[in-house]
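Here's the structure, in structure tokens; my notes come after.
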Amino acid sequence: MKWRTVLIWGVAWGVFEATAGFVLHQLPIPIGPYIWFPAAYFMMDRVYQRTGQKRGVLWAALLAASIKLLNLFWAVRPDIVINPAIAIVLEALAMVGVLSFSPKRNPALVNALWRLGYMLYAATLMPVWIREVSVIRDVGAILLFMGREYVLSTLICFAFTIHLSRRRGVMHSERG
């Protein structure tokens, strides 16, 4: 295992979640749902590409979630800290699951799987008072979470992935 890579990307992901993620929760315009998964996917993808190991993705996520939990020291509502920390772990589990069946990384499938896992968590383990303001509070919230937020965050992932692959291709052709 390339622990340095796991540490670097896990800390980067955790710091992003603990700072930018926390700030995005405070904004009056809800743009966070379109940014959080693409950022998470980018971090997970970097870990997997550099380590070649699925467990590296999971270790990085556990580190990131632990860093995110530091927001409990100053957050007004614990749900805006605990739920993202759980989402981080679910995103990694979805990525590991997809990679277990195919070496090809698929942001659309990873995005759908973590969202389904999150809804299952919300329906079964989330306290009722949090569930009432969660993504499963009503049909409209579920449709937003599994509809527009899913589609736009997936498109951002694909656009970013295409951009990076083209950039890598340019970099490789400049070297050669």
Side-chain angles (χ1 to χ4, degrees), residues 1-25 27 30-72 80-118 121 145-146 148-176:
M1 174 72 72
K2 296 178 180 178
W3 288 106
R4 183 172 174 224
T5 299
V6 171
L7 183 65
I8 289 168
W9 287 104
V11 168
W13 186 3
V15 168
F16 172 80
E17 285 283 349
T19 56
F22 186 76
V23 170
L24 289 170
H25 268 293
L27 295 177
I31 61 169
Y34 309 107
I35 297 170
W36 290 314
F37 177 74
Y41 186 81
F42 173 78
M43 306 288 182
M44 292 186 294
D45 190 55
R46 297 290 81 81
V47 171
Y48 185 68
Q49 281 187 354
R50 287 176 169 84
T51 66
Q53 296 183 325
K54 297 175 288 212
R55 67 184 174 157
V57 172
L58 193 53
W59 280 113
L62 292 172
L63 178 57
S66 298
I67 293 169
K68 174 62 180 174
L69 289 173
L70 294 174
N71 284 152
L72 285 171
I80 64 173
V81 177
I82 294 169
N83 290 339
I86 290 169
I88 290 167
V89 174
L90 290 171
E91 288 163 343
L93 289 172
M95 181 79 152
V96 168
V98 169
L99 291 170
S100 294
F101 292 101
S102 171
K104 287 189 170 196
R105 296 171 309 279
N106 183 333
L109 187 53
V110 173
N111 199 359
L113 288 174
W114 91 261
R115 287 172 184 278
L116 291 171
Y118 189 81
Y121 151 72
F145 185 67
M146 292 303 290
R148 183 173 67 199
E149 290 175 5
Y150 165 77
V151 169
L152 290 177
S153 62
T154 299
L155 289 174
I156 290 168
C157 282
F158 277 119
F160 200 69
T161 302
I162 290 168
H163 171 73
L164 285 178
S165 65
R166 285 185 179 157
R167 193 166 149 232
R168 268 188 231 113
V170 168
M171 289 170 46
H172 288 301
S173 67
E174 288 174 353
R175 286 186 204 153

Do [X] and [Y] have side chains that get closer than 4.5 Å, going by heavy atoms?
{"X": "Gln53", "Y": "Tyr48", "answer": "no"}
{"X": "Val6", "Y": "Leu63", "answer": "no"}
{"X": "Met95", "Y": "Tyr41", "answer": "yes"}
{"X": "Met44", "Y": "Arg105", "answer": "no"}
{"X": "Phe37", "Y": "Ile156", "answer": "no"}

Hey, could you give me the [atom1]/[atom2] distance between [X] and [Y], rounded to the nearest 0.5 Å?
{"X": "Leu69", "Y": "Ile86", "atom1": "CG", "atom2": "CD1", "answer": "8.5 Å"}
{"X": "Ile8", "Y": "Trp3", "atom1": "CD1", "atom2": "CH2", "answer": "13.5 Å"}
{"X": "Met43", "Y": "Glu91", "atom1": "CE", "atom2": "CD", "answer": "11.0 Å"}
{"X": "Leu93", "Y": "Leu113", "atom1": "CG", "atom2": "CG", "answer": "10.5 Å"}

How far apart are the closest heavy atoms of [X] and [Y], and which atoms are they?
{"X": "Ser153", "Y": "Asn111", "result": "OG-ND2, 2.8 Å"}
{"X": "Cys157", "Y": "Pro38", "result": "SG-CA, 3.5 Å"}
{"X": "Ala61", "Y": "Ile88", "result": "O-CG2, 3.4 Å"}
{"X": "Pro33", "Y": "Arg115", "result": "O-NH2, 4.0 Å"}
{"X": "Ala92", "Y": "Leu58", "result": "CB-CD1, 4.1 Å"}
{"X": "Thr51", "Y": "Gly56", "result": "OG1-CA, 4.5 Å"}

Step-by-step side chain to side chain contact (heavy atoms under 4.5 Å, CB included) determination, Met146 to Leu116: CA-CA 8 Å; Met146 292 303 290; Leu116 291 171; 3.8 Å; yes
Heavy atoms of other groups near Trp36 CH2, more than 12 under 6.0 Å: yes
From CA spacing to verdict: side chain to side chain contact (heavy atoms under 4.5 Å, CB included), Ile35, Phe16: CA-CA 11 Å; Ile35 297 170; Phe16 172 80; 3.9 Å; yes
CA sep, side-chain torsions, deciding dist, call: Lys68, Trp13, side chain to side chain contact (heavy atoms under 4.5 Å, CB included): CA-CA 9 Å; Lys68 174 62 180 174; Trp13 186 3; over 6 Å; no
Stepwise side chain to side chain contact (heavy atoms under 4.5 Å, CB included) check, Arg55 with Met1: CA-CA 9 Å; Arg55 67 184 174 157; Met1 174 72 72; 3.0 Å; yes
Counterpart residues, ring-ring contact (aromatic ring centres under 6.0 Å, His included), relative to Trp9 (two or more places apart): Phe42
Side-chain donor or acceptor of Ser102 paired with backbone N/O of Leu99 under 3.5 Å: no
Whether Phe145 and Tyr118 hold their rings parallel, tilted or perpendicular, with breakpoints at 30° and 60°: tilted
